[in-house]
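If you read the sequence from its start, that first residue is 1, and numbering goes on from there. Please read these numbers as outputs of a predicted model, since none were measured by experiment.
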Amino acid sequence: MNKIALAKAPEATSPNPITLICTKKADGTTNMATIAWWTYVSFNPGMIAVAINNGAHTGERIRETKELVLAVPGVPLAQTLIQCGTSSGRNTDKIAKFGIEMESVDGTDIKVPAHTRLAIHAELKECVDGGDHTLYVCTVKDAFANDGEDALFAWKGYGEFAAAQKK
């Protein structure tokens, strides 16, 4: 085995999950950010955890509202992942700027993009210091799936997006 930098490790584990985190902005509209680091924590009770860079607007929104919707994107959302991952929602309405079609999720007024494969509505339970990221441990309120969408994954680390059927 060859020693590598931790930042290169995702290339060895491709495909990797890639998601959109949807949160409520101060004006009540939806903010979206592209993230890769999330996991299921427990099925009973249902819990997930997401890791978000400490300086990110999305983390601020989660801490303030105590709510998020994790949206696993379908294949048609590849460009949306790139767009939402390269700009901040702090001063930009990404949905309007990029013309993203949105849809409602039962139980919350946070919307998700159309073509979402899986939506998990969750409530913040606790924050854990994770170095340059914060780990947000959340209790799942509801989960919704769209079997008509193929989920997107990150390949080559996070160098390209495609369905898991790629290989």
Tell me every residue that passes side-chain contact (heavy atoms from CB on, under 4.5 Å) with Pro76, counting only those two or more places apart in sequence or in another chain. His115, Glu149
For the residue pair Tyr40 and Met47, establish whether any side-chain heavy-atom pair is separated by less than 4.5 Å. no
Residue list, side-chain hydrogen bond (donor to acceptor under 3.5 Å, both in side chains) with [X], at least two apart or on another chain:
X: Thr29; answer: Asp27
X: Thr13; answer: Asn16
X: Thr116; answer: none

Under the salt bridge (Lys or Arg N to Asp or Glu O under 4.0 Å) definition, can you give me all pairs with a residue in [range], not counting sequence neighbours?
range: residues 1-21; answer: Lys8-Glu11
range: residues 61-83; answer: Arg61-Glu64
range: residues 111-125; answer: Arg117-Asp147, Glu123-Lys141

Working to the nearest 0.5 angstrom, can you tell me the gap between Leu77 CG and Leu20 CG? 7.0 Å
Restricting to salt bridge (charged side-chain N to carboxylate O under 4.0 Å, His left out), what partner residues turn up for [X], sequence neighbours left out?
X: Glu101; value: none
X: Asp142; value: none
X: Glu60; value: Arg90

Once side chain to side chain donor-acceptor pair (under 3.5 Å) is applied, what residue pairs with a partner in residues 41-55 remain, sequence neighbours excluded? Asn54-Thr134
Could you identify which residues cluster with Ile4, counting Ile, Leu, Val, Met, Phe, Trp and Tyr as linked when any side-chain heavy atoms lie under 4.5 Å apart, either directly or through a chain of such contacts? none
Partner of Thr19 under side chain to side chain contact (heavy atoms under 4.5 Å, CB included), chosen from Ile120, Leu70, Val50: Leu70
